[in-house]
Amino acid sequence: MDKDEEKLAAYVQKFNEQDEELFRQHVGNEEACAWMKEQIPYFECSDAEAEETWYFRWWVYRKHIKKTPEGFIITEFLPDVPWAGAYNSINCAAGHHISEGRWLRGGNTYLEDYLRFWLKGSGDVRSYSTWIADALYQYCLARGDFQIAVELLPDLIRNYEQWECTHQHKSGLFWSNDDRDAMEYSISGDGLRPTLNSYLYADARAIARIAGLGGDREHEAMFYRKAEKLKKLVQEKLWDREAGFFKVYPLKSRETDVTDWDFSKTDPEKNVCEEIGFLPWLFELPDAGYERAFRYLRSEQGFEAPYGPTTAGRGHKNFMAEHPEHECLWNGPSWPFATTQTLHALANVLKDYRQDYVTKQDFDMLFSRYTHSHYRVDENGKRVNWLDENLDPFTGEWLSRKILENWKWREEKGGYERGKDYNHSAYADIVISKIFGVEPQEDGTVRIRPMIPDNWEYCRLSGLNCQGRELSICMDRTGETYGKRGMQIRWED
């Protein structure tokens, strides 16, 4: 057994020993080590918690691989919850599931079933908003094979057209309910939200690219036009010029008229900067000139918190307001779902935009805080690896878990430890695609644009399945760990 295998085995033993395996799906704890050895890339790092969190997140991910009569799916909750669809499926985090799982050596085994489930099977792909076409396109880039994307192109087009039928406002923007964005009890509430509009911009762009790869010039041109129109509308209508931020334009329904696009005239109870204002940069929607929004990221009147970022601006009077009957709030608590999106958006701004509002050190700090949030102190005072729903942004306590425990784990809320091992975000994909900077291209090449945290003395990613080959990248600041200073990149046989 080599060093990587020994380290993997030690991590899995630790995770298994501290785990209460309440629900077993396709790969149980006793099979976790063998499965991870076969499927995941190895990661080594001078930051011990980042390395441990990498293995912990893969250990959690495999818990959510579920075999169904329609093939494999990836679940969000391990216990059955009343609001889920077929086989306990929920689509809102499907984009995260696919972006993370695309790096598995056997990712096609799981994800192609999963994609067909949402687009051709019994999965309700519009139950919540998500970015399914973009996730499929990114999956195909990583695999180096667009066959499934071309196969599913008619279903992607049909899905987009259904969104237009049911959610498009007369302005051309898309209206959504905050609950259907999986962001219930947000301060802004329902309206023309940066969420669905950013997702459908990304989907339109992805559909255009897939159509082009399949030789469908009509839909290629049509969906590029849709993407450009939506981009223009988001920048014109959802940008609060005074605040310098993308916001929800509150509307009770998609039939509500807007006569004056002026945020100062909207209800002050709902007029707020929220973390979803960074979402357009997740897909590089904004043109240059909007980057001043990121000055809020590290501001105490914005989203700054030791276990943040917060999901709502701290300066609003309804920040962190309690709700007597609901445990999952998006009015301030920190959600790994949103932190994942913000980290990607921030990395894109740092790599592809010229601005003076945020630095790579801000990214390093935010990623470090995200890493260090993957723990809780158990009833015996022991610090254990943990992933749950949302966090108190100031203490790091898993907030919805605390509320549900105080409510005696109500069955109608999902029962005992509902949120344990919650698969609603990503981690490994941030390390691979942003920190190591692995960017597969349509022509079969791979662009590498790393942004290694300044406090990492060394790091290594090996056995990464990328476009049908295995890629290894290492960085050593002194040359003492890997025998050579700087970065080394190689394809493995």
Query raised in the report: Mind checking whether Trp118 and Ile98 have side chains closer than 4.5 Å, heavy atoms only?
Result: no
Report task. Could you verify whether a donor N or O on one side chain and an acceptor N or O on the other, from Thr75 and Gln25, lie under 3.5 Å apart? Result -> yes
Query raised in the report: Which of parallel (below 30°), tilted (30 to 60°) and perpendicular (above 60°) describes Phe337 and His96?
Result: perpendicular
Query raised in the report: Would a 4.5 Å heavy-atom cut-off, applied to side chains only, mark Cys328 and His326 as touching?
Result: yes
Report task. Determine, stepwise, if the pair Glu30 / Arg24 fulfils salt bridge (charged side-chain N to carboxylate O under 4.0 Å, His left out). Result -> CA-CA 10 Å; Glu30 74 280 4; Arg24 187 189 187 282; 2.9 Å; yes
**Report entry** Side chain Gln39, main chain Gly106, donor-acceptor under 3.5 Å
**Finding:** yes
Report task. For salt bridge (charged side-chain N to carboxylate O under 4.0 Å, His left out), just list the numbers for Lys226 and Glu164, CA-CA rounded to whole Å, side-chain angles, deciding distance to a tenth of an Å, and then say yes or no. Result -> CA-CA 11 Å; Lys226 289 179 185 289; Glu164 290 177 317; 2.7 Å; yes
Query raised in the report: Do Trp103 and Asp429 have a side chain donor and acceptor closer than 3.5 Å?
Result: yes
Query raised in the report: Would you call the rings of Phe246 and Trp239 parallel, tilted or perpendicular if under 30° counts as parallel and over 60° as perpendicular?
Result: perpendicular
Query raised in the report: Hey, does the side chain of Asn88 reach the backbone of Phe77 with a donor-acceptor pair shorter than 3.5 angstrom?
Result: yes
Query raised in the report: Distance from Leu115 atom CG to Asn108 atom CG, nearest 0.5 Å?
Result: 11.0 Å
Query - Check against salt bridge (charged side-chain N to carboxylate O under 4.0 Å, His left out), Lys270 and Asp190 - result: CA-CA 9 Å; Lys270 296 180 177 295; Asp190 306 342; over 6 Å; no
Report task. Return the orientation label for the Tyr185 and His323 ring planes: parallel under 30°, perpendicular over 60°, tilted otherwise. Result -> tilted
Query raised in the report: Do the rings of His167 and Trp163 sit parallel, tilted or perpendicular, given the 30° and 60° boundaries?
Result: perpendicular
Query raised in the report: Are side-chain N/O atoms of Glu151 and Gln147 paired as donor and acceptor at under 3.5 Å?
Result: no
Query - No-hydrogen, no-angle side-chain donor-acceptor test under 3.5 Å, Arg57 and Ser425 - result: yes
Report task. Would you please test Tyr416 and Glu411 for side chain to side chain donor-acceptor pair (under 3.5 Å) and show each step? Result -> CA-CA 8 Å; Tyr416 175 64; Glu411 286 301 319; over 6 Å; no
Query raised in the report: Relative to Tyr128, does Arg180 satisfy both conditions: NZ or CZ under 6.0 angstrom from the six-membered ring centre, and within 45 degrees of the ring's axis?
Result: yes
Query - Heavy-atom donor-acceptor pair, Lys66 side chain to Tyr87 backbone, under 3.5 Å - result: yes
Requested in this report: Please work out which of the three classes, parallel, tilted or perpendicular, describes the rings of Trp54 and Phe43, given edges at 30° and 60°.
Outcome: tilted
Query raised in the report: Any sub-3.5 Å donor-acceptor pair from Asn177's side-chain atoms to Asp179's backbone N or O?
Result: yes
Report task. Go through the steps for Glu49 and Tyr375 under the test side-chain contact (heavy atoms from CB on, under 4.5 Å), then give the verdict. Result -> CA-CA 10 Å; Glu49 285 198 351; Tyr375 297 88; 3.7 Å; yes
Report task. Classify the ring geometry between Trp330 and Trp335 as parallel (under 30°), tilted (30 to 60°) or perpendicular (over 60°). Result -> parallel
Query raised in the report: Given Asp4 and Lys7, is the salt bridge (charged side-chain N to carboxylate O under 4.0 Å, His left out) satisfied, shown in steps?
Result: CA-CA 5 Å; Asp4 286 325; Lys7 188 175 287 188; 5.8 Å; no
**Report entry** Short side-chain to backbone donor-acceptor contact, Asn16 and Asn29, under 3.5 Å
**Finding:** yes
Query raised in the report: How long is the gap from CG on Asp388 to CG on Leu404, to the nearest 0.5 Å?
Result: 8.5 Å
**Report entry** Heavy-atom side-chain proximity of Glu100 to Trp58 below 4.5 angstrom
**Finding:** yes
Report task. Could you grab the distance from atom OH of Tyr296 to atom CD of Glu304, nearest 0.5 Å is fine? Result -> 15.5 Å
Query raised in the report: Can you check whether Phe283's main-chain N or O pairs, donor with acceptor, with Arg205's side chain at less than 3.5 Å?
Result: yes
**Report entry** Inter-residue atom distance Ser400.OG - Glu327.CD, 0.5 Å rounding
**Finding:** 6.5 Å
Query - Any donor-acceptor N or O pair under 3.5 Å, side chains Thr340, Tyr370 - result: yes
Requested in this report: Of all the heavy-atom pairs spanning Ile187 and Glu274, show the shortest one and how long it is.
Outcome: N-OE2, 3.4 Å
Report task. Would you check if Leu104 and Asn465 make a side-chain contact, meaning some heavy-atom pair closer than 4.5 Å? Result -> no
Requested in this report: Kindly say whether Asn91 contributes a backbone atom to a donor-acceptor pair with the side chain of Glu76 at under 3.5 angstrom?
Outcome: no
Query raised in the report: Just checking, any donor-acceptor pair under 3.5 angstrom between side chains of Asn348 and Lys434?
Result: yes
Report task. Using a cut-off of 6.0 Å, state whether more than 12 heavy atoms not belonging to Lys402 lie near its atom NZ. Result -> no
**Report entry** Rounded distance [0.5 Å steps], OG in Ser89 versus CG in Asp124
**Finding:** 8.0 Å
Query raised in the report: Where do Tyr427 and Thr371 land on the side chain to side chain donor-acceptor pair (under 3.5 Å) test, with the steps shown first?
Result: CA-CA 8 Å; Tyr427 186 86; Thr371 296; 2.7 Å; yes
Requested in this report: Indicate yes or no for a side-chain donor-acceptor contact from Thr311 to the backbone of Pro333 under 3.5 Å, with no hydrogens or angles considered.
Outcome: yes
Query raised in the report: Is the closest side-chain donor-acceptor distance between Tyr11 and Glu51 under 3.5 Å?
Result: yes
Query raised in the report: For Ala293 and Phe278, which heavy atoms make the closest approach, and how far apart are they?
Result: O-CE2, 3.6 Å
Requested in this report: Answer with yes or no whether the side chains of Asn406 and Arg401 bring together a donor and an acceptor at under 3.5 Å.
Outcome: no
Requested in this report: Determine yes or no for a side-chain-to-main-chain donor-acceptor pair under 3.5 angstrom, with Asp203 supplying the side chain and Asp134 the backbone.
Outcome: yes
Report task. Establish, from distance only, whether the side-chain atoms of Thr256 and Ser253 form a donor-acceptor pair under 3.5 Å. Result -> yes
Query raised in the report: Can you find a side-chain donor-acceptor pair between Asp181 and Ser129 that sits under 3.5 Å?
Result: yes
Query raised in the report: If you measure from CG on Leu78 to OH on Tyr422, what distance do you get to the nearest 0.5 Å?
Result: 11.5 Å
Requested in this report: Answer yes or no: is there a side-chain heavy-atom contact under 4.5 Å between Glu52 and Phe15?
Outcome: yes
Report task. Examine Arg62 relative to Trp59 and say whether NZ or CZ is less than 6.0 Å from the centre of the six-membered ring and inside a 45° cone about the ring axis. Result -> yes
Query raised in the report: Given side chains that start at C-beta, do those of Leu366 and Pro309 come closer than 4.5 Å, heavy atoms only?
Result: yes
Query - Axial cation check for Trp407 ring with Arg410, 6.0 Å and 45° limits - result: yes
Query raised in the report: Under 3.5 Å, side chain of Arg193 to main-chain N/O of Trp175, donor-acceptor pair present?
Result: no
Query raised in the report: Hey, which of Lys265, Lys247, His316 is the one that makes side-chain hydrogen bond (donor to acceptor under 3.5 Å, both in side chains) with Asn271?
Result: Lys247
Requested in this report: Taking all non-hydrogen atoms of both residues into account, name the closest pair between Phe174 and Asn197 and its distance.
Outcome: N-OD1, 2.8 Å
Query - Stepwise side-chain contact (heavy atoms from CB on, under 4.5 Å) check, Leu192 with Val248 - result: CA-CA 6 Å; Leu192 307 173; Val248 175; over 6 Å; no
